[in-house]
*Asks:* 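Encoded as structure tokens, here's the structure I'll be asking about.
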Number of protein chains: 2
Amino acid sequence: MSENKSTYHHGDLPKVLLQNATELIREGGIKALSMRKLAERTDVSRTAPYHHFKDKNELLCAIAEQGFQRQDQALKNLSVENPGQDNRQLFERYVLAYIRYAYENPETYDLMFGKEIWKLGTATESLKQISRTSFRHWVDWIEQLQLQDIVSKQDSTLRVAQASWATLHGLCRLLIDGIYLNPEDLEEMGKTAVRMLTTPPN
Amino acid sequence: MSENKSTYHHGDLPKVLLQNATELIREGGIKALSMRKLAERTDVSRTAPYHHFKDKNELLCAIAEQGFQRQDQALKNLSVENPGQDNRQLFERYVLAYIRYAYENPETYDLMFGKEIWKLGTATESLKQISRTSFRHWVDWIEQLQLQDIVSKQDSTLRVAQASWATLHGLCRLLIDGIYLNPEDLEEMGKTAVRMLTTPPN
DNA sequence: CGCTCTATTTTGACACTGTCAAGTTTCGCT
DNA sequence: AGCGAAACTTGACAGTGTCAAAATAGAGCG
């Protein structure tokens with residue numbers, strides 16, 4: 001019926017809020033996101049957002065959830081874009097893409113895996129679920145690689161998955177938190193990590 | 001002259017502040033540390049701490065710095081306590097001790113390596129220095145291990161040091177941030193990591 | 001059309017935060 | 001004893017998350 005942006009009071013406030021919130025954290029980090037500034041940018045009163053997100057925490061969870069969806073999408077596209085590649089090469093691409101996502105969306109990545117949400121057990125149920133799924137994808141990867149002897153079998157799949165993912169995550173964190181790591185070396189660093197995680201080729 | 005606690009106005013306010021601050025973050029995380037609560041617990045006015053730490057940031061840096069000192073000490077003691085052990089075994093102990101420190105002092109570790117301080121380049125000069133030194137110790141370790149063929153030489157020492165440290169750091173972060181990792185598996189996890197990082201023995 | 005019900009949004013308020021400016025106390029030294 | 005400086009306190013301001021109560025506007029129905 002209404003062809004312009006607003007069908008109800010504001011239109012689709014939740015979506016716009018999420019969008020603006022993502023924008024805010026991208027501009028100034030998670031600390032720069034305040035409910036009040038968000039409301040202001042959305043041209044809405046201070047407490048309006050509270051009718052769509054019960055908490056600031058719930059808003060953060062929503063951002064993180066969106067992050068998982070996009071990351072999953074980006075990683076899923078990989079195998080589609082590179083058909084017929086063997087798992088060894090594909091795995092390297094996967095790792096590099098993972099790191100790239102973290103590098104390009106540092107604030108979101110921070111929410112996805114930072115203590116802001118997880119430490120206090122305040123994660124939304126749906127966020128918990130999608131993050132579990134996301135980790136399972138990694139475990140599946142490792143299982144495949146173990147079957148093909150690309151990754152060591154001396155420890156259980158879960159263990160190796162945890163340890164290798166820790167490497168990946170550690171690299172991302174060092175990068176994001178601005179510790180030691182140089183963005184220029186990003187790709188090289190990822191390749192080094194892959195070499196360390198996999199058995200030598202041929 | 002004065003035999004009880006107070007020689008000056010308060011005695012050694014800076015030391016007491018640092019102590020209470022560490023206590024506060026241990027009790028309720030970094031977020032639970034506010035300058036005002038700290039002042040209150042120290043029985044001192046709201047702004048008294050500002051005469052010893054120009055910022056909240058400077059206070060956090062001081063806590064982190066103290067963390068580095070204690071960690072370095074704990075790690076240094078290792079080689080003293082276990083003389084005559086070969087580097088392979090010692091390295092495993094080193095890794096486990098590193099993880100244990102992070103596990104036992106999660107809030108401090110978070111300050112030492114978290115974005116709270118590093119992301120915005122707000123680290124104190126002395127903090128920067130001690131953290132650099134601390135990383136150099138790790139690089140030295142890797143160099144030794146490469147010389148003894150315990151760690152792969154296919155990448156440069158710096159690269160391997162970064163990647164392997166990322167693994168270690170990643171594990172600690174997962175543990176601290178409460179993601180996936182189970183505290184019970186801590187030791188096993190560390191050993192798996194060591195196995196992944198080093199060449200097979202004998 | 002008009003009425004009501006409910007979802008949406010706003011206004012006011014409170015306790016809390018970091019930190020600055022200006023004042024006050026207390027010590028060490030000459 | 002008294003001076004200079006260091007340590008400390010009080011008052012104030014803008015900003016935060018969030019609750020309770022009021023105001024508004026839309027949909028559905030007669």
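Nothing here was measured: the structure is a model prediction, and the numbers come from that model. Note on naming: letters A, B, ... go to the chains in the order of the sequence lines (proteins, then strands), and numbering restarts at 1 for each one.
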*Asks:* Could I get the full list of side chain to side chain contact (heavy atoms under 4.5 Å, CB included) partners for B:Glu27, not counting sequence neighbours?
*Replies:*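 Residues passing side chain to side chain contact (heavy atoms under 4.5 Å, CB included) with B:Glu27: B:Glu23, B:Leu24, B:Arg41.
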
*Asks:* Please list residues of residues 46-53 of chain B whose heavy atoms come under 4.0 Å from any atom in DNA chain D, ordered by number; otherwise none.
*Replies:*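 Under 4.0 Å from DNA chain D: B:Arg46, B:Thr47, B:Ala48, B:His51, B:His52.
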
*Asks:* Sort and list the pairs that fulfil side-chain hydrogen bond (donor to acceptor under 3.5 Å, both in side chains) and have at least one residue in residues 29-40 of chain A, not counting sequence neighbours.
*Replies:* A:Lys31-B:Glu116

*Asks:* Is a side-chain donor or acceptor of A:Ser152 paired with a backbone partner of A:Gln154 at a separation under 3.5 angstrom?
*Replies:* yes

*Asks:* Rounded to whole angstrom units, what separation is found between the CZ atom of A:Arg36 and the P atom of D:dC19?
*Replies:* 13 Å

*Asks:* Quick one: B:Asp43 CG to D:dT9 C1', roughly how many Å, whole number?
*Replies:*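 In whole Å, D:dT9 C1' lies 14 Å from B:Asp43 CG.
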
*Asks:* Can you list, in residue-number order, the parts of residues 112-123 of chain A that come under 4.0 Å of DNA chain D, counting heavy atoms only?
*Replies:* none

*Asks:* Using atom CG of B:Leu24 as one end and atom P of C:dT17 as the other, report the distance to the nearest whole Å.
*Replies:* 11 Å

*Asks:* Tell me: NZ of B:Lys15 to P of D:dA7, nearest whole Å?
*Replies:*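 Rounded to the whole Å, the gap is 15 Å.
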
*Asks:* When rounded to the nearest 0.5 angstrom, what distance separates CG in A:Leu38 from CG in A:Leu17?
*Replies:*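 It comes to 5.0 Å.
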
*Asks:* What does A:Lys37 touch in the nucleic acid at a heavy-atom separation under 4.0 angstrom: a base, only the sugar-phosphate, or nothing?
*Replies:* sugar-phosphate

*Asks:* For A:Met35 and C:dC16, give me the distance from atom CE to atom C1', rounded to whole Å.
*Replies:* 17 Å

*Asks:* Step by step, would you call A:Met112 with A:Tyr101 a side chain to side chain contact (heavy atoms under 4.5 Å, CB included)?
*Replies:* CA-CA 12 Å; A:Met112 290 161 66; A:Tyr101 179 86; 4.0 Å; yes

*Asks:* For A:Asp12 and C:dT9, what is the distance between atoms CG and P respectively, to the nearest whole Å?
*Replies:*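 So the CG-P distance, A:Asp12 to C:dT9, works out to 10 Å.
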
*Asks:* What pairs of residues pass the side-chain hydrogen bond (donor to acceptor under 3.5 Å, both in side chains) test when at least one of them lies in residues 88-100 of chain A, not counting sequence neighbours?
*Replies:*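 Found A:Gln85-A:Arg93, A:Arg88-A:Thr199, A:Tyr98-A:Tyr109, A:Tyr98-A:Trp165.
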
*Asks:* Does B:Asn87 reach the main-chain N or O of B:Gln144 with its side chain, forming a donor-acceptor pair under 3.5 Å?
*Replies:*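 A pair under 3.5 Å: no.
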
*Asks:* Are OP1 or OP2 of D:dG15 and a side-chain N or O of A:Ser34 less than 4.0 angstrom apart?
*Replies:* no

*Asks:* How many whole angstroms separate atom NZ of A:Lys56 from atom P of C:dC16?
*Replies:* 18 Å

*Asks:* Measuring to OP1 and OP2 of D:dC8, would you say a side-chain N or O of B:Ser45 lies under 4.0 angstrom away?
*Replies:*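 No, B:Ser45 has no side-chain N/O under 4.0 Å of OP1/OP2 on D:dC8.
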
*Asks:* Are B:Asp140 and B:Arg136 within salt-bridge range, i.e. N to O under 4.0 Å?
*Replies:*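 Between B:Arg136 and B:Asp140 there is no salt bridge, as every charged N stays at least 4.0 Å from the carboxylate O atoms.
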
*Asks:* Run the side chain to side chain contact (heavy atoms under 4.5 Å, CB included) test against B:Ser134 and tell me which residues pass, sequence neighbours left out.
*Replies:* B:Phe68, B:Gln71, B:Asp72

*Asks:* Report the distance from atom CD of A:Glu40 to atom C1' of D:dA14, rounded to the nearest whole Å.
*Replies:* 13 Å

